[in-house]
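Below is one structure, written out as structure tokens; comments come after it.
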Amino acid sequence: MSKPGRSMDWDGAVNAWHVAGGVYRMGRREWLTEAGWQQAYNAGIRTVLDLRNAAEARRRDTDPVVSRAAFQGMAVVAAPTEEPGDPRLTAVTGPYLNDPAYYADNARIFPEKLVGVFQALAAAASRGDVVLHCAAGRDRSGMVAAMVQDLAGDSDQDIAEGYRRAARGINERYRTHGPPHDRERYVEDAELEPLLEQRGLAVVDFVRTLDTRNFLLRNGLASHELDAVLSLCGAGVAR
């Protein structure tokens, strides 16, 4: 089992990290090569949990060509964290979620979506490890990963650093490959580090205020599903 916070070197993967227990995170899955999928499978991944909206889940011309056989033995499950374009959220976030300051708004507006993510994690637990992803692997993945870390009993420092690692990871991708659109840009260290200090603290404030366990139970996650997620996250288990 990988040490939490370790970078996963699956071929082609962008911003791939171990979160806790049997849960991993990364940027969009279409970046992985066939070799990368084999490496992920060998690492124990049996479920890929896609947090994006359906319209985002598509291959780009620059993505590697991957055969259907590359996914053999793995389930790809859609579990979006929001309704695309919902004005209740976009009025706060703009076109998409890109700041931990708005994670609480996402949870308030779409509690059933986040419960759905954790129901999918519970269902996947019996199959093996899970990698969750959004587009950049930063904010939707960061929101869910922080909730997983909260359930796993991670410290404030570890939760903050989980976000900061991912934000640095995708920022490095923007340096080498360019951002995908004009709302994103590469940020130099002098500007990035104080920004990440503040945003890491915002992620911690989000999960500690949310109280992940009670939030999920209050909004429809069954107790046996929570137990499955806790087992997957390594909560109370030496992994």
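Residue numbers count from 1 along this sequence.
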Is R60 salt-bridged to D63, cutoff N-O under 4.0 Å?
-> no

Does any N or O in the side chain of N15 come within less than 3.5 Å of the main-chain N or O of M26, such that one atom is a donor and the other an acceptor?
-> no

Taking only Lys NZ, Arg NE, NH1 and NH2, and the carboxylate oxygens of Asp or Glu, determine whether D50 and R28 approach each other closer than 4.0 Å.
-> no

Check the pair V65 / R59 against side-chain contact (heavy atoms from CB on, under 4.5 Å), numbers first and verdict last.
-> CA-CA 9 Å; V65 176; R59 184 182 174 276; 3.4 Å; yes

Between D99 (side chain) and A101 (backbone), is there a donor-acceptor pair under 3.5 Å?
-> yes

Are R29 and W37 in a cation-pi setup, meaning NZ or CZ lies under 6.0 angstrom from the ring centre and within 45 degrees of the ring axis?
-> no

Compute whether any side-chain donor of one residue and acceptor of the other, for T81 and R140, lie under 3.5 angstrom apart.
-> no

Look at the side-chain heavy atoms of Ile, Leu, Val, Met, Phe, Trp and Tyr, link any pair under 4.5 Å apart, and say whether L210 and L221 land in one connected group.
-> yes

Carefully, step by step, assess E193 and R164 under the rule salt bridge (charged side-chain N to carboxylate O under 4.0 Å, His left out).
-> CA-CA 9 Å; E193 290 308 313; R164 291 168 184 149; over 6 Å; no

Any side-chain heavy-atom pair from V14 and I170 closer than 4.5 angstrom?
-> yes

Of all the heavy-atom pairs spanning L97 and D139, show the shortest one and how long it is.
-> O-CB, 3.6 Å

Could you check V19 against V144 for side-chain contact (heavy atoms from CB on, under 4.5 Å), going step by step and ending with a plain yes or no?
-> CA-CA 10 Å; V19 177; V144 174; over 6 Å; no

Could you grab the distance from atom CG of L195 to atom CD of Q198, nearest 0.5 Å is fine?
-> 6.5 Å

Minimum heavy-atom separation for T90 to P87, with atom names?
-> OG1-CA, 3.3 Å

Is F215 reachable from I109 through a run of I, L, V, M, F, W or Y residues, each pair having side-chain heavy atoms under 4.5 Å apart?
-> no

Kindly confirm or rule out a cation-pi arrangement of R88 over F110, judged by NZ or CZ under 6.0 Å from the six-membered ring centre and within 45° of its axis?
-> yes

Crowding at CD, E112 (>12 non-hydrogen neighbours, <6.0 Å) | yes

V77 and V23: same hydrophobic cluster, using ILVMFWY side-chain contacts below 4.5 Å?
-> yes

About how many Å separate SG of C134 and CZ of R25, when rounded to the nearest 0.5 Å?
-> 7.5 Å

Could you state the interatomic distance from CE (M8) to OH (Y24), rounded to the nearest 0.5 Å?
-> 5.0 Å

Examine distances only and state if a side-chain atom of E56 and a backbone atom of N53 form a donor-acceptor pair shorter than 3.5 Å.
-> yes

Could you tell me whether the side chain of D154 and the main chain of D150 form a donor-acceptor pair under 3.5 Å?
-> no

Residues R52 and E30 bridged, charged N to O under 4.0 Å | yes

Report whether V207 and W17 are members of the same hydrophobic cluster (ILVMFWY, side-chain heavy atoms less than 4.5 Å apart, transitive linking).
-> no

Tightest non-hydrogen contact, residues G36 and W10, listed as O-CB, 3.8 Å

Taking the six-membered ring for Trp, are the ring centroids of Y186 and Y174 within less than 6.0 Å of each other?
-> no

Indicate the atoms forming the closest heavy-atom contact of T93 with R183, along with that distance.
-> O-NH2, 3.9 Å

Quick one: are L151 and L216 in side-chain contact, heavy atoms under 4.5 Å?
-> yes

Over all heavy atoms of both residues, which pair between L192 and R168 is shortest? Give the atoms and the distance, please.
-> CD2-CG, 4.3 Å

Sub-3.5 Å donor-acceptor pair from the side chain of Q149 to the main-chain atoms of A20, do we have one?
-> no

Could you go through the side-chain contact (heavy atoms from CB on, under 4.5 Å) check for T33 and V66 one step at a time?
-> CA-CA 6 Å; T33 66; V66 175; 5.5 Å; no

Of the non-hydrogen atoms in A166 and R138, which two are nearest, and what is the gap between them?
-> CB-CA, 4.4 Å

NZ/NE/NH1/NH2 to OD/OE distance under 4.0 Å, E191 and R185 = yes

Separation between CG (L49) and NE2 (H133), nearest 0.5 Å, reads 8.0 Å

Look at K113 together with E83 and state whether they make a salt bridge at an N to O cut-off of under 4.0 Å.
-> yes

Between the main-chain N or O of A35 and the side-chain N or O of Q38, is there a donor-acceptor pair closer than 3.5 Å?
-> no

Answer yes or no: is there an ion pair linking R46 with D129, defined by an N-O contact shorter than 4.0 Å?
-> no

Atom pair CG (N219) and CZ (F118), whose distance is rounded to the nearest 0.5 Å | 12.0 Å

Can you measure from CG (L121) to CG (L230) and round to the nearest 0.5 angstrom?
-> 11.0 Å

When you look at M147 and F206, which way does the side-chain contact (heavy atoms from CB on, under 4.5 Å) test go after all the steps?
-> CA-CA 9 Å; M147 295 171 71; F206 160 67; 4.0 Å; yes

Quick one: are F71 and E34 in side-chain contact, heavy atoms under 4.5 Å?
-> no

Are Y103 and L89 co-members of a hydrophobic cluster defined by side-chain heavy atoms under 4.5 Å apart?
-> no

State whether the side chain of H18 and the backbone N or O of G21 hold a donor-acceptor pair below 3.5 Å, judged by distance alone.
-> yes

